[in-house]
Structures are given as C-alpha cells and as structure tokens.
There are 2 protein chains.
Amino acid sequence: MISVLLVEDDLDLAATIVDYLDIEDIECDHASNGLMGFNLIQTNQYQMIMLDVNMPKMDGLTLCKTLREQGIDIPVLMLTARDSLDNKLEGFDAGSDDYLVKPFAMKELVARVQVLAKRKSGEAKYLTFANLSLDLTQRSIMAAEQTLKLSPIALTILEVLMRAAPKAVTRIEIMKTVWGEDQPDSNSLKVHIYNLRKQLEAATNQVKIETIPSVGFAIKLNEGELK
Amino acid sequence: MISVLLVEDDLDLAATIVDYLDIEDIECDHASNGLMGFNLIQTNQYQMIMLDVNMPKMDGLTLCKTLREQGIDIPVLMLTARDSLDNKLEGFDAGSDDYLVKPFAMKELVARVQVLAKRKSGEAKYLTFANLSLDLTQRSIMAAEQTLKLSPIALTILEVLMRAAPKAVTRIEIMKTVWGEDQPDSNSLKVHIYNLRKQLEAATNQVKIETIPSVGFAIKLNEGELK
DNA sequence: ATTTCCCTTAACCCTGCCTTAACCCCCTCC
DNA sequence: GGAGGGGGTTAAGGCAGGGTTAAGGGAAAT
C-alpha cells in the first residue's frame with residue numbers, strides 16, 4: 001500500500017486529488033499548509049510528498065529545502081500553476097524530484113506519484129572527518145578502511161560531533177540528541193565519551209575528541225602527534 | 001562526476017545535448033539506436049539513461065521494458081515529441097521514471113538529469129543482491145540457482161531489505177510496508193526475521209541479515225566467511 | 001470435514017549495553 | 001596547603017533489546 005502526503009491549501013483541489021488517489025489504492029494524507037505538512041512528515045512515514053508552491057504559513061519551496069537540510073530525502077513532487085522555466089528550476093533547486101504544472105491530468109499525477117513513491121535515494125550519505133567516515137544510511141563507522149564497532153549511543157555522539165566538526169558541541173546539546181527529554185542523572189555521558197575515545201584511539205591517531213572545559217566537546221585533528 | 005547515457009537517433013539533437021551536458025560537467029555517452037544503447041548499458045556504469053521513444057533497431061519503450069525485466073534499475077528519462085497523455089502513461093508503464101516532451105529547455109533537462117542520477121528507480125522487475133534474485137512479478141526468490149520457499153511476509157521483508165541494500169531499514173519502515181496501519185502488537189517481526197535468517201542461512205552463505213541495534217536491519221554481504 | 005501452512009502470541013533466555021557509584025587526578029581559588 | 005569542582009577512569013549490576021522456541025488459531029486448499 002502506497003502512502004503519501006499532499007500539502008495544498010486549495011481545499012477543493014486537495015479533496016479531488018485525495019479521492020482520486022484513493023481509487024487508485026494510494027493512501028493520501030492532507031495538510032493545508034506547510035507547517036502542518038512539516039509536522040506530519042516528522043511523525044508519519046510517507047513514500048513521497050506532493051507540495052503546492054504557494055501556501056500560507058510555509059511555502060512549498062521552503063518546506064522542501066528544510067526537509068533536505070534535515071537529511072530527509074523523501075521524493076518530492078511540486079504542484080503549481082507557475083510554468084515558467086525559472087520557476088521549474090527553482091523547484092529543482094530546492095531539492096524537489098519532479099515538477100507538475102496545474103492543471104494536470106489526474107492520470108499523469110497518479111503515474112508520477114507511483115514512480116516517485118518507489119524511487120529510492122541511490123547514494124549513501126557520509127559524514128567524513130580526517131580518516132573517519134560515518135555512513136548514515138548503514139549506521140556504520142569506518143576508520144582508515146576498517147569498520148569499527150560502536151554501541152548505538154557512542155555512534156550517536158560521534159555523529160553529533162562529526163556534524164559540528166571541528167566546532168564544539170555543548171553537553172546539553174549532546175544529551176538532548178541522545179536521550180531527548182528524560183535524561184540519565186549522572187555521569188553517563190562522561191563514560192560514553194571515555195569509551196568512545198578509547199575506541200577511536202585504538203583505531204586511528206589522526207583524530208581526537210577534545211574537551212572544552214565547562215562547555216562540551218569537539219572532534220579535532222590530532223596535530224600534537226609529532227614525537 | 002555524473003556519467004549518463006543518451007540513446008537518440010537524431011544526431012543533431014544528440015550532439016547538442018551531449019555538448020550541453022558536458023558544460024554542466026555531466027559526462028554523456030551516446031548511442032544512436034536501442035540495440036547499441038542496450039550493449040553500452042551492459043558494459044558501462046551509468047547513473048541514468050535518456051531514451052528517445054522513436055528509434056530504429058529497438059525503440060525506447062521496448063528498451064526500457066527490457067532493462068526492467070533484467071532487473072536493471074537505473075533511472076530512465078524518456079525524451080519524445082509525443083505529448084499526449086496516453087503516450088506519457090505508456091512511457092511510465094514501460095518502467096520509465098520521467099517523461100520530457102520535445103522541444104524542451106536544456107536547463108530543464110539538466111535539472112531532471114541531475115535529480116535522476118542521484119536516485120535509484122524502483123521499477124525493476126527483479127531485485128538482485130549477491131546470489132539472491134527476487135522476481136517481483138512472480139514473487140519468488142532464488143538463491144544460487146535454486147528457488148527457495150518463503151512465506152508471503154518473509155518475502156515482503158526480504159524485498160524491503162533488498163530494495164534498500166545494503167542500507168539499514170528501520171523497524172518502523174518494515175512494519176509499515178508489511179502490515180500497513182494496524183500492526184500486530186508483539187514480536188511478530190522478530191519471529192519473521194528469525195525464520196527468514198534461518199532459511200537464508202540454509203540456502204546461501206554469501207548474504208546475511210545484520211541487526212542495527214535500536215534501528216532496524218540491513219542485508220549485507222557476508223565477509224567474515226573466511227574460515 | 002480435514003489437513004496444511006502461516007501468522008501471531010507469549011514466554012523464556014541471553015548477551016552486552018547502559019547506568020551507577022566510587023575513586024582518581026589536576027587545577028584553581030581561598 | 002587544603003578544599004572543591006570539573007573532568008577522567010574503572011568495575012559491577014541491572015535491564016532491555018534482541019534471539020529462540022513452541023503452542024494455538026485461522027484461512028485456504030484438498
């Protein structure tokens with residue numbers, strides 16, 4: 001069963017689309033503005049998303065860009081009445097996968113929706129720092145050609161550090177991304193950092209996790225290794 | 001560097017496209033008929049393919065269908081002067097991912113090429129991974145020449161994993177595609193994974209289903225098999 | 001009606017990760 | 001010089017998540 005999201009402020013058009021997709025056995029949620037759409041995307045799993053460009057609260061282009069910035073790469077189809085080349089290019093530039101000009105034939109919409117829903121991001125997403133390479137899609141980390149085995153939490157911490165690299169990340173930030181709301185009381189983070197350091201040291205000497213006193217941590221190149 | 005293939009019998013148009021893509025830093029091979037194109041696809045790695053519909057030797061639709069039947073899921077963009085709805089639907093039906101009507105703006109072509117090159121088409125009729133081959137039309141799975149008997153659910157799970165291979169798939173995603181909205185309460189998925197693993201192990205040692213702790217599962221090549 | 005095959009469920013086991021607490025060091029400030 | 005705080009190190013224990021197993025029920029097939 002295909003399940004998709006339509007973000008469109010024209011309620012008549014939206015209803016028509018939802019009905020039509022339903023006939024074709026495509027489950028279609030609907031949001032009437034970009035912000036609502038954004039929230040739905042966070043909480044639900046959709047195979048693809050249709051975005052109207054013109055919308056109150058948050059327009060389609062901005063929403064699309066925001067999604068891509070967050071690393072969400074669900075296929076996006078832009079729906080709009082604007083058919084100039086520049087408008088199209090703007091759409092693709094924002095990270096959309098397809099661009100359909102209103103008015104369109106419902107059958108073409110269905111065909112494109114079905115194609116997009118099956119389409120997968122082909123490439124792996126990596127974070128790299130020195131000889132560390134973190135494959136976000138496989139949740140695995142390699143240091144100099146060899147994969148190392150990290151616990152889920154250690155990996156999350158490393159991910160946060162590598163995303164910010166080489167800038168410092170506060171303890172608060174780390175704790176928030178790892179544990180969210182209810183955090184462990186005590187020095188759990190200390191221990192995780194310690195273990196992470198040990199494992200990194202064993203694997204590579206090009207990188208170190210530096211402590212920024214009373215702030216947090218940062219991952220850096222190891223330059224003091226000149227003995 | 002993006003590398004793509006253009007299959008087009010109009011040599012003038014072809015030359016224009018190749019030149020233009022070259023400027024945009026896209027390497028573009030050219031075949032002037034379907035058969036030539038087919039051979040090039042077999043021997044080279046392309047990120048996406050542009051197909052003219054009308055061509056001598058083998059037309060674009062047939063070529064596209066042939067590719068999909070062979071389990072090749074490179075994204076395909078149809079280029080044609082035929083702009084009727086039926087023609088478009090025919091194109092999508094043949095397994096293409098996008099459909100652009102001549103004459104088109106070069107910039108739009110470039111945008112669509114770039115988008116497609118980053119994705120994987122989900123249109124293939126076969127999925128293959130190592131010595132596993134899953135026939136989506138017959139819903140049957142072969143491991144090293146011999147078909148094995150999987151329950152419907154096990155097969156769906158394997159399909160999800162193979163589509164994403166070797167990326168990790170979250171539990172949520174698997175559950176969603178298998179059961180949709182009303183999911184079983186308990187550890188049904190665990191049991192299915194367990195059974196699936198057992199059957200895969202019995203059939204081949206080239207592939208394993210790896211657990212990604214607190215995320216989900218991924219199907220991978222079995223490299224530790226060097227005893 | 002009977003059989004067969006799945007799918008679900010519940011129960012149990014086990015591994016290894018996470019937390020905790022305790023102790024250490026070093027630096028700074030009193 | 002001593003106290004206190006921030007950070008590092010260590011080991012132990014609990015526990016949750018994942019793996020394993022078997023039993024029961026329902027649907028399709030015979």
Side-chain angles (χ1 to χ4, degrees), chain A residues 1 138-141 147-161 168-202 207-220 222 224, chain B residues 139-141 147-161 168-202 207-220 222 224:
Chain A
M1 175 71 140
Q138 296 191 41
R139 303 238 78 194
S140 70
I141 173 93
T147 78
L148 52 149
K149 196 162 149 285
L150 292 187
S151 70
I153 288 192
L155 216 157
T156 310
I157 295 175
L158 187 56
E159 183 187 331
V160 176
L161 291 175
V169 186
T170 65
R171 279 160 204 285
I172 312 281
E173 275 176 85
I174 298 177
M175 306 251 286
K176 213 163 156 199
T177 59
V178 174
W179 289 282
E181 291 318 307
D182 48 69
Q183 305 177 353
D185 325 332
S186 77
N187 56 0
S188 198
L189 179 58
K190 280 206 295 196
V191 178
H192 281 294
I193 291 279
Y194 172 68
N195 287 321
L196 182 52
R197 272 189 176 134
K198 255 207 310 206
Q199 292 195 65
L200 277 187
E201 260 169 44
V207 155
K208 67 172 184 293
I209 296 177
E210 215 166 74
T211 303
I212 315 296
S214 72
V215 177
F217 302 93
I219 189 164
K220 302 225 170 152
N222 199 351
Chain B
R139 304 212 56 92
S140 69
I141 172 91
T147 80
L148 54 149
K149 196 161 149 285
L150 291 187
S151 69
I153 289 192
L155 217 158
T156 310
I157 294 175
L158 187 57
E159 180 189 332
V160 176
L161 292 176
V169 186
T170 65
R171 286 193 160 68
I172 313 276
E173 277 175 81
I174 299 177
M175 306 247 285
K176 184 97 197 278
T177 59
V178 174
W179 288 284
E181 290 317 306
D182 47 69
Q183 304 175 353
D185 327 331
S186 75
N187 54 1
S188 199
L189 179 59
K190 281 204 295 194
V191 178
H192 282 293
I193 291 278
Y194 173 68
N195 289 322
L196 181 52
R197 273 192 176 130
K198 255 206 310 207
Q199 293 194 63
L200 277 187
E201 259 169 44
V207 156
K208 66 170 184 292
I209 295 177
E210 212 166 77
T211 303
I212 315 295
S214 75
V215 177
F217 302 92
I219 191 165
K220 301 217 176 164
N222 201 350

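To find a chain, count down the sequence lines: A is the first, B the second, and so on, and within it residues start at 1.
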> Can I get a per-line list of side-chain donor-acceptor pairs under 3.5 Å for residues 172-180 of chain B, giving both atom names and the distance, sequence neighbours left out?
residue: B:Glu173; atom: OE2; partner: B:Thr170; partner atom: OG1; Å: 3.1
residue: B:Lys176; atom: NZ; partner: A:Ser3; partner atom: OG; Å: 3.2
residue: B:Lys176; atom: NZ; partner: A:Gln45; partner atom: O; Å: 3.0
residue: B:Thr177; atom: OG1; partner: B:Glu173; partner atom: O; Å: 3.3
residue: B:Thr177; atom: OG1; partner: B:Ile174; partner atom: O; Å: 3.0

> Between A:Asn187 and A:His192, is any pair of side-chain heavy atoms under 4.5 Å apart?
no
> What nucleotide among C:dC6, C:dT20, C:dC17 has an atom nearest to a side-chain atom of B:Pro152?
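Output: C:dC6.
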> Looking at A:Lys190, I'd like to know whether one of its side-chain N or O atoms comes within less than 4.0 Å of OP1 or OP2 on C:dC18.
no
> Nearest to the side chain of A:Ser188 - C:dT19, C:dA11, C:dT8?
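The nucleotide sitting nearest to the side chain is C:dT19.
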> Provide the start and end nucleotides, 5' to 3', of the part of DNA chain D that has atoms under 4.0 Å from heavy atoms of chain A.
D:dG7 to D:dT10
> Could you check how far NZ of B:Lys149 sits from C1' of C:dC6, rounded to whole Å?
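Going from B:Lys149 (NZ) to C:dC6 (C1'), I get 9 Å.
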> Go nucleotide by nucleotide along DNA chain D from the 5' end; which of A:Tyr194 and A:Pro213 gets its closest nucleotide reached first?
A:Pro213
> Looking at A:Trp179, I'd like to know whether one of its side-chain N or O atoms comes within less than 4.0 Å of OP1 or OP2 on C:dT19.
yes
> With a 4.5 Å cut-off on side-chain heavy atoms, are A:Gln199 and A:Leu150 touching?
yes
> Among C:dT9, C:dA21, C:dC6, which nucleotide sits nearest the side chain of A:Val191?
C:dA21
> How close or far is atom C1' of C:dT8 from atom CD1 of B:Ile193, stated in whole angstroms?
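Taking CD1 of B:Ile193 and C1' of C:dT8, I get 16 Å after rounding.
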> Decide yes or no for A:Leu189 and A:Ile157: does some side-chain heavy atom of the first lie under 4.5 Å from some side-chain heavy atom of the second?
yes
> For A:Asn195 and C:dT19, give me the distance from atom CG to atom C1', rounded to whole Å.
12 Å
> Any Lys/Arg nitrogen of A:Lys208 or A:Glu201 sitting under 4.0 Å from an Asp/Glu carboxylate oxygen of the other?
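Here A:Lys208 does not pair with A:Glu201 in a salt bridge, since their nearest N and O are not under 4.0 Å apart.
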> Could you check how far NZ of A:Lys198 sits from C1' of C:dC18, rounded to whole Å?
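Whole-Å distance recorded here is 15 Å.
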> What's the closest nucleotide to the B:His192 side chain, out of C:dC18, C:dT20, C:dT8?
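Closest of the options to the side chain of B:His192: C:dT8.
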> Bend angle of the helix from C:dA1-D:dT30 to C:dC30-D:dG1 from five-pair axes at both ends, rounded to 10°?
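Answer rounded to 10°: the end axes differ by 30°.
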> Look up atom OG in B:Ser140 and atom CG in B:Leu148, then write down how far apart they are to the nearest 0.5 Å.
9.5 Å
> Heavy-atom distance under 4.5 Å between the side chains of A:Leu161 and A:Lys220, does that happen here?
no
> Would you indicate what B:Ile153 reaches in the nucleic acid, counting non-hydrogen atoms under 4.0 angstrom: base, sugar-phosphate, or nothing?
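Contact class for B:Ile153: sugar-phosphate only.
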> For B:Leu155 and C:dC5, give me the distance from atom CG to atom C1', rounded to whole Å.
16 Å
> So, A:Arg171 and A:Ser214: side-chain donor and acceptor under 3.5 Å apart, yes or no?
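No, no side-chain donor-acceptor pair sits under 3.5 Å.
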> Any side-chain heavy-atom pair from A:Leu158 and A:Leu200 closer than 4.5 angstrom?
yes
> Side chains of B:Glu210 and A:Gln138, heavy atoms from C-beta outward: is any pair under 4.5 Å?
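They are not in contact (no side-chain heavy atoms under 4.5 Å apart), so the answer is no.
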> Atom CD of A:Gln199 and atom C1' of C:dG16: how far apart are they, to the nearest Å?
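From A:Gln199 CD to C:dG16 C1': 13 Å.
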> Please report, rounded to the nearest Å, how far the C1' atom of C:dC14 is from the CG atom of B:Asn187.
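Distance, rounded to whole Å: 15 Å.
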